[in-house]
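Report on the structure given below.
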Amino acid sequence: MENLRRMALFAQVVQHGSMSAAARALGMSTSAVSQQLRALEREAGVALLHRSTRQLSLTDVGSRYYAACARLLDAAGEAEAELSAARHAPSGELRLSAPLGMADHIGPALGPWLREHPQLRLHLHFEDGWTDLVQARIDLALRFGRLPDSDWMAQRLGTLQRWPCAAPGWLQRHGEPADPLQVPAGEWLGLAQVPGLAWRHRVSGQERLVPAHPRLVSHNQPAVRQLCESGLGVAVLTSLDVTPLLADGRLLRLLPEWDVPALPVWAVTPHRQTQPAKVRQAIERLGDYLARLPGAVAAGA
């Protein structure tokens, strides 16, 4: 590795025409440059430069050696340029993991950005579990709710409101509850991994804790939404899931005077160091999209 540095320094000396000019360009002293070149020649066992008081010139061996060192220096410059481009312009493949409920939203959120950068590829991985980001080579994961302890980097994008909903047919059979405890225990639908929810009345401040014993359970949110839409019970769904269904009357919002805690949305990356442009910009676009959704609150708002 030390010889690689000396080879690059040798090429710089030749390109600048003198040790002093190379030293100024590299932020070194002329004597330090001279010492490194002599060490390189000792290691090679041959003279690479003819030295005089006025100028430097290459020996025959030095001329051939310089050609190889210049290629090395050029390759290093290209590598630096690649890193710089990755830091400032998105390129390559972005591997994105997101919950199944985000499947309808990735296109609207990232589509304009992807059109701006045709050199960028997107690999989508939809799941509601907790994939090992390093093992799956995931660059960026969207996660909802409470995060498990890990060494990953998490950035909060915002929160989504959660609303209890039911189909019109369910309301015709059961009537509209005025209190969450009036919903029969056997009529709740929910996710297997979600604990009981604490409800708070917006006016009186009364609190209710509804245990998590749903009759119908699924491991993914779209399935819970479909069960609810089919009239099989009451589900607490995010604004992301139900806004269009509420607008066209397929679902109705219940208990509007009662609030449940909003659901945090996180951008999770497997690395804590500086992120490449493709990851940084994807996080920005997803955050901007989330902030425009009904029932969503951007981080810091």
Side-chain angles (χ1 to χ4, degrees), residues 1-97 113-114 116-123 125 132-141 150-153 155 268-284:
M1 186 62 69
E2 188 65 31
N3 263 1
L4 289 176
R5 285 193 285 267
R6 289 169 179 162
M7 290 166 69
L9 185 145
F10 169 65
Q12 292 268 26
V13 168
V14 175
Q15 290 172 2
H16 285 87
S18 71
M19 292 188 196
S20 58
R24 287 193 297 271
L26 296 171
M28 300 172 62
S29 67
T30 303
S31 61
V33 171
S34 178
Q35 289 172 9
Q36 291 297 313
L37 286 181
R38 291 190 182 281
L40 182 63
E41 288 177 320
R42 282 196 305 271
E43 183 74 21
V46 294
L48 300 173
L49 293 168
H50 294 300
R51 295 167 174 82
S52 71
T53 56
R54 294 194 172 189
Q55 64 179 8
L56 295 175
S57 62
L58 290 165
T59 66
D60 181 57
V61 173
S63 181
R64 297 195 301 272
Y65 189 63
Y66 165 71
C69 291
R71 289 194 296 271
L72 174 68
L73 196 60
D74 288 343
E78 290 175 4
E80 285 289 340
E82 285 289 335
L83 289 178
S84 178
R87 285 193 298 269
H88 298 99
S91 61
E93 181 181 70
L94 175 67
R95 296 176 64 88
L96 172 64
S97 172
W113 176 62
L114 289 169
E116 292 171 11
H117 302 283
Q119 75 279 14
L120 182 64
R121 303 185 306 278
L122 179 64
H123 181 110
H125 182 78
D132 186 316
L133 303 187
V134 174
Q135 185 175 0
R137 296 189 299 114
I138 298 297
D139 299 304
L140 171 62
S150 73
D151 292 328
W152 301 336
M153 183 69 179
Q155 177 180 335
V268 183
T269 57
H271 305 294
R272 291 182 175 272
Q273 62 264 36
T274 302
Q275 299 293 344
K278 63 182 180 181
V279 173
R280 294 198 315 271
Q281 292 186 21
I283 291 173
E284 291 171 6

Exercise. So do the side chains of Lys278 and Leu140 get within less than 4.5 Å of each other, counting heavy atoms only?
Worked result: no
Exercise. Would you call His117 and Gln281 a side-chain contact if the rule is heavy atoms closer than 4.5 Å?
Worked result: yes
For this session: Check salt bridge (Lys or Arg N to Asp or Glu O under 4.0 Å) between Glu93 and all other residues, then give those that pass, not counting sequence neighbours.
Result: Arg95
Problem set entry | side chain to side chain contact (heavy atoms under 4.5 Å, CB included) between Leu48 and Leu37, worked out | CA-CA 9 Å; Leu48 300 173; Leu37 286 181; over 6 Å; no
Problem set entry | Residues that Thr59 engages under side-chain contact (heavy atoms from CB on, under 4.5 Å), provided they are two or more places apart | Ala47, His50, Val61
Exercise. What pairs of residues pass the ring pair (Phe, Tyr, Trp, His ring centres under 6.0 Å) test when at least one of them lies in residues 10-35, not counting sequence neighbours?
Worked result: Phe10-Tyr65
Problem set entry | Pair Gln275-Thr269, side chain to side chain contact (heavy atoms under 4.5 Å, CB included): steps then yes or no | CA-CA 9 Å; Gln275 299 293 344; Thr269 57; 3.1 Å; yes
For this session: Considering non-hydrogen atoms only, spot the tightest contact between Ala277 and Pro90 and give its length.
Result: CB-N, 3.7 Å
For this session: Over all heavy atoms of both residues, which pair between Ala39 and Arg6 is shortest? Give the atoms and the distance, please.
Result: CB-CZ, 3.6 Å
Seminar exercise, completed: Rounding to 0.5 Å, atoms CG (Leu9) and CE (Met19) come to a distance of 9.0 Å
Seminar exercise, completed: Across all chains, not counting sequence neighbours, the side-chain contact (heavy atoms from CB on, under 4.5 Å) partners of Ala141 are Ser97, Leu133, Ile138, Arg143, Val268
Problem set entry | Which residues share a side-chain contact (heavy atoms from CB on, under 4.5 Å) with Leu114, sequence neighbours left out | Leu110, Leu120, Leu122
Exercise. Can you list the residues that meet the side-chain hydrogen bond (donor to acceptor under 3.5 Å, both in side chains) rule with Gln119, with sequence neighbours excluded?
Worked result: none
Exercise. Listed by chain and number, what are the side-chain hydrogen bond (donor to acceptor under 3.5 Å, both in side chains) partners of Ser29, not counting sequence neighbours?
Worked result: Ser31
Seminar exercise, completed: salt bridge (charged side-chain N to carboxylate O under 4.0 Å, His left out) pairs touching residues 55-69, sequence neighbours excluded, are Asp60-Arg64
Exercise. Can you list the residues that meet the side-chain hydrogen bond (donor to acceptor under 3.5 Å, both in side chains) rule with Ser63, with sequence neighbours excluded?
Worked result: none
Exercise. How close do Ala21 and Ser18 get, heavy atom to heavy atom, and via which atoms?
Worked result: N-OG, 3.1 Å
For this session: State, yes or no, whether a side-chain contact exists between Glu284 and Trp113 at a heavy-atom distance under 4.5 Å.
Result: no
Exercise. Quick one: side-chain contact (heavy atoms from CB on, under 4.5 Å) partners of Ala8, sequence neighbours excluded?
Worked result: Leu73
Exercise. Which pairs with one or both residues in residues 18-47 pass salt bridge (charged side-chain N to carboxylate O under 4.0 Å, His left out), sequence neighbours excluded?
Worked result: Glu41-Arg51
Problem set entry | Which residues share a side-chain hydrogen bond (donor to acceptor under 3.5 Å, both in side chains) with Ser57, sequence neighbours left out | none
For this session: Using a 4.5 Å cut-off on heavy atoms from C-beta on, say whether the side chain of Asp139 contacts that of Leu96.
Result: no
